[in-house]
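First up is the structure itself, then whatever we jot down about it.
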Protein chains: 2
Amino acid sequence: MASIKDVAAEAGVSVATVSRVLNDHPSVSADARARVLAAVGALGYRPNAVARSLRTDQTHTLGLVISDVLNPYFTELARSVEEEARALGYSVIIGNADERPELQDHHVRTLLDRRIDGLLVSPTDGGSPLMLDAARSGTPMVFVDRWIPGLDVPVVRADGRAAVRDLVAHLYGLGHRRLAIIAGPAATTTGSERVDAFREALRAYGLPLPDAYIGQGDFQAASGRRATEEFLDLAEPPEVVFAADNLMALGALDAVRARGLRVPDDIALAAFDDIPWFVHTDPPVTAIAQPTPELGRAAVRAVVDLIEGRPPQSVTLPAALVVRRSCGEPPPMDSAPMDSAPVNVTQRSNP
Amino acid sequence: MASIKDVAAEAGVSVATVSRVLNDHPSVSADARARVLAAVGALGYRPNAVARSLRTDQTHTLGLVISDVLNPYFTELARSVEEEARALGYSVIIGNADERPELQDHHVRTLLDRRIDGLLVSPTDGGSPLMLDAARSGTPMVFVDRWIPGLDVPVVRADGRAAVRDLVAHLYGLGHRRLAIIAGPAATTTGSERVDAFREALRAYGLPLPDAYIGQGDFQAASGRRATEEFLDLAEPPEVVFAADNLMALGALDAVRARGLRVPDDIALAAFDDIPWFVHTDPPVTAIAQPTPELGRAAVRAVVDLIEGRPPQSVTLPAALVVRRSCGEPPPMDSAPMDSAPVNVTQRSNP
DNA sequence: ACAGCTTATGGAAACGATTACATGCGTGAT
DNA sequence: ATCACGCATGTAATCGTTTCCATAAGCTGT
């Protein structure tokens with residue numbers, strides 16, 4: 001593959017001049033510029049990004065470590081992250097942790113070895129030593145969706161509290177009193193937060209949340225299925241199951257179907273994270289929708305601010321309830337898409 | 001960040017020795033090795049992958065350019081690719097083309113600039129100059145799912161012909177005679193192939209495939225919706241719509257629902273590519289399932305063979321029909337998962 | 001005791017770019 | 001006519017590795 005030397009030789013100038021042309025440095029004669037450009041074209045030369053990065057100590061690359069690529073929520077997030085990054089002149093390398101802390105560490109490590117300029121993470125656990133080191137050692141880093149408490153790292157996330165309250169109001173209004181939740185791993189913020197929000201909302205209605213109605217899931221479909229089976233085996237099964245993410249809701253549907261039961265007649269279902277398929281499931285699933293693309297964009301802007309020396313912003317956007325038929329009583333129409341006005345914008349600090 | 005020099009200084013040896021320890025070269029004394037390892041630990045040293053790549057001219061990285069991250073089929077493919085690559089000591093950088101040729105070119109270009117060791121592509125179009133150049137200039141490259149005819153590039157894909165025949169037999173058996181298809185872009189192999197297979201299968205039953213029953217889609221949901229609306233506006237609408245991928249099937253469901261019609265009573269639906277959600281849609285969707293993870297693994301093995309100088313294998317695996325209820329008459333049970341014995345294994349040549 | 005190996009080590013070149021510094025030249029001001 | 005300045009250009013150092021080559025020391029076999 002042609003190198004800058006070959007271009008220089010072809011154009012009859014020094015490598016310095018070629019470099020100057022390529023980085024459009026002002027002081028290059030029109031003549032030299034033309035000859036260099038011609039040589040570049042003739043040789044099909046493309047600068048070696050590896051060499052350039054070594055010299056400049058910049059890769060113009062962001063690392064994105066997500067918890068699970070198979071989860072449509074994260075895939076949508078990844079897409080918006082890449083889009084915004086591209087607009088700002090950065091590439092993105094995605095690492096899929098599959099909800100496994102050691103895989104997450106693997107990806108963080110290789111990304112760091114590659115000297116990415118900044119890191120976007122949706123942590124799978126409470127923070128491995130590696131992750132803590134990275135955060136403290138000053139790698140530009142931003143948490144998205146989930147975060148690790150106690151670190152001075154900006155967080156970009158959706159706040160589901162209000163939407164969960166709306167959901168519980170909706171369920172209460174439909175006459176449901178025995179509400180259960182399939183939680184995510186307690187080590188993740190979204191895992192515990194959603195349970196807390198749910199518990200709090202129930203309390204407002206004087207409803208209990210017995211331990212038996214808290215299923216332990218791990219954000220994967222299989223765990224949703226297992227938890228739902230346990231609910232159904234209870235002497236007094238819940239009337240509603242609220243899955244803390246869309247994959248566990250899928251697992252819940254599997255479990256219900258396997259028993260030959262029907263949603264919502266035998267048991268109602270709601271989920272955190274809305275996805276296009278929820279419109280066409282049987283029945284359409286009531287869900288809490290996050291402004292996912294906005295989150296991705298905000299997260300990118302935050303890391304890039306950090307990288308380029310500007311003060312980064314933590315951002316919290318509201319999630320919204322989308323009522324469908326999986327909890328009973330068909331509403332007249334599909335709820336309107338959520339709006340995404342920031343509910344709360346803080347300066348470089350954790351909630 | 002600590003460099004190899006710092007380690008050398010700390011350990012009281014030369015950088016050459018440090019390098020030898022790190023790459024476990026045989027001739028290093030036990031004493032030196034211990035001192036180096038201690039220094040590495042003390043400084044938290046990690047080799048700079050950028051510098052290493054520059055020197056060795058290897059990045060141990062594969063590029064994967066997929067047509068659409070939001071398509072669960074590709075997301076599953078990406079996951080298996082990354083998994084297999086990791087097992088073989090490679091990282092993967094994913095580029096999402098969003099079915100747009102110019103975005104695809106953008107990603108191919110940046111991946112090439114990064115000097116990835118090999119490229120896995122599922123081309124969005126018939127082959128841009130850039131892609132053709134890359135293929136001909138000897139970049140280790142393998143096509144997966146889709147391919148560009150006329151290039152000496154190994155192809156790893158599923159053959160859906162038999163499954164499409166099975167599908168048509170199934171539909172015919174249910175009494176359907178007016179069958180329509182929503183095609184993918186003609187510039188993609190999967191776009192045209194699936195139509196061809198469908199047409200051929202129809203011919204076997206003496207059924208026509210009028211032009212009005214061939215909807216032009218682009219593998220995205222919106223186009224599936226549009227095509228389906230056009231079908232429904234026909235004086236004589238089809239009895240069945242076969243979507244050439246799962247997103248267009250989603251769009252078709254949207255269209256049917258918007259008209260207040262029902263599947264399969266008013267119109268039947270089938271799709272290419274099976275996804276977990278199809279089990280829970282209303283009604284469950286009959287689909288043609290590809291052995292996606294196997295495809296990903298085979299593709300990785302093929303590029304790695306190419307990279308490491310072994311003869312690569314083109315691989316074709318069979319797809320299988322999974323009958324559900326979206327075409328009528330509920331079958332007794334969900335069909336068994338397809339098996340994935342290779343149907344056809346060729347040596348470095350295009351089908 | 002010595003030639004000839006093997007083993008351990010360090011010095012330095014190289015990978016392909018960017019960039020500080022030096023140089024030479026033309027031009028405008030004095 | 002001279003000086004100073006700015007512009008265009010080239011030389012060379014540098015980034016962090018790997019690896020070739022040279023060298024020194026230790027060992028074996030005669």
Side-chain angles (χ1 to χ4, degrees), chain A residues 1-40 43-61 89 91 109-117, chain B residues 1-40 43-61 89 91 109-117:
Chain A
M1 192 154 277
S3 85
I4 197 172
K5 266 187 212 147
D6 304 316
V7 176
E10 172 86 11
V13 297
S14 73
V15 294
T17 300
V18 175
S19 176
R20 279 188 276 254
V21 170
L22 264 30
N23 296 283
D24 42 40
H25 184 96
S27 86
V28 179
S29 68
D31 175 59
R33 160 164 288 117
R35 292 219 309 283
V36 167
L37 259 20
V40 165
L43 298 172
Y45 168 75
R46 299 242 78 212
N48 182 327
V50 174
R52 194 202 293 258
S53 292
L54 177 60
R55 181 56 232 248
T56 61
D57 201 31
Q58 295 186 29
T59 50
H60 275 275
T61 302
S91 300
R109 189 155 20 232
T110 44
L111 289 168
L112 258 22
D113 286 355
R114 272 163 194 279
R115 302 301 192 261
I116 45 145
D117 293 342
Chain B
M1 192 156 274
S3 85
I4 197 172
K5 266 185 212 150
D6 304 316
V7 176
E10 172 86 12
V13 297
S14 73
V15 293
T17 300
V18 175
S19 176
R20 279 188 278 254
V21 170
L22 263 30
N23 297 283
D24 44 40
H25 183 97
S27 86
V28 179
S29 68
D31 173 59
R33 159 164 290 117
R35 292 219 309 285
V36 166
L37 260 20
V40 165
L43 298 172
Y45 168 76
R46 297 242 78 211
N48 182 326
V50 174
R52 195 201 292 257
S53 292
L54 177 61
R55 180 57 231 246
T56 61
D57 200 32
Q58 294 185 29
T59 50
H60 275 276
T61 302
S91 299
R109 189 153 22 231
T110 44
L111 289 168
L112 258 22
D113 286 356
R114 273 163 193 278
R115 303 302 193 262
I116 46 146
D117 294 342

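All values derive from a computational prediction rather than experimental measurement. Here is how names work: the chains are called A, B, and so on, in the same order as the sequence lines, proteins then strands, and each is numbered from 1.
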Got [X] and [Y] here, is their nearest side-chain heavy-atom distance under 4.5 Å?
| X | Y | result |
| --- | --- | --- |
| A:V21 | A:V40 | no |
| A:I4 | A:S19 | yes |
| A:L43 | A:E10 | yes |
| A:R46 | B:L112 | no |
| A:R52 | A:N23 | yes |

Where [X] and [Y] come nearest, the two heavy atoms and their spacing:
| X | Y | answer |
| --- | --- | --- |
| B:A8 | B:S14 | CB-C, 3.8 Å |
| A:L54 | B:A51 | CD1-CB, 3.7 Å |
| A:R35 | A:D31 | NH1-OD2, 2.5 Å |

Q: Give the first and the last nucleotide of DNA chain D, reading 5' to 3', that has any atom under 4.0 Å from a heavy atom of chain A.
A: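 Listing 5' to 3', DNA chain D meets chain A from D:dA8 to D:dG16.
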Q: Kindly write out the residues that satisfy side chain to side chain donor-acceptor pair (under 3.5 Å) with A:R109, not counting sequence neighbours, or none if the list is empty.
A: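 Partners of A:R109 by the side chain to side chain donor-acceptor pair (under 3.5 Å) criterion come out as none, since no residue qualifies.
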Atom pair [atom1]/[atom2] of [X] and [Y] - distance to nearest 0.5 Å:
| X | Y | atom1 | atom2 | result |
| --- | --- | --- | --- | --- |
| B:T61 | B:R115 | OG1 | CZ | 13.0 Å |
| A:D6 | A:M1 | CG | CE | 11.5 Å |
| A:L22 | A:T17 | CG | OG1 | 11.5 Å |
| A:S53 | A:R114 | OG | CZ | 11.0 Å |
| A:L111 | A:D117 | CG | CG | 11.5 Å |

Q. Using the C1' atoms of the five pairs at each end, what is the angle between the end axes of the helix from C:dA1-D:dT30 to C:dT30-D:dA1, to 10°?
A.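 Rounded to the nearest 10 degrees, the bend comes out at 50°.
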Q: Identify, residue by residue, the members of residues 44-52 of chain B with a heavy atom below 4.0 Å from DNA chain D, and return them in order of residue number, or none.
A: B:Y45, B:R46, B:P47, B:N48, B:A51, B:R52
Q | Near-strand residues of residues 14-30 of chain B, defined as heavy-atom separation under 4.0 angstrom from DNA chain D | A |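 The answer is B:A16, B:S19, B:R20, B:N23.
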Q) Using a heavy-atom cut-off of 4.0 Å to chain A, what are the terminal contacting nucleotides of DNA chain C, in 5' to 3' order? A) C:dC15 to C:dT19
Q: Would you kindly compare B:A32 and A:A2 by the position of their nearest DNA chain C nucleotide and give the one closer to the 5′ end?
A: B:A32
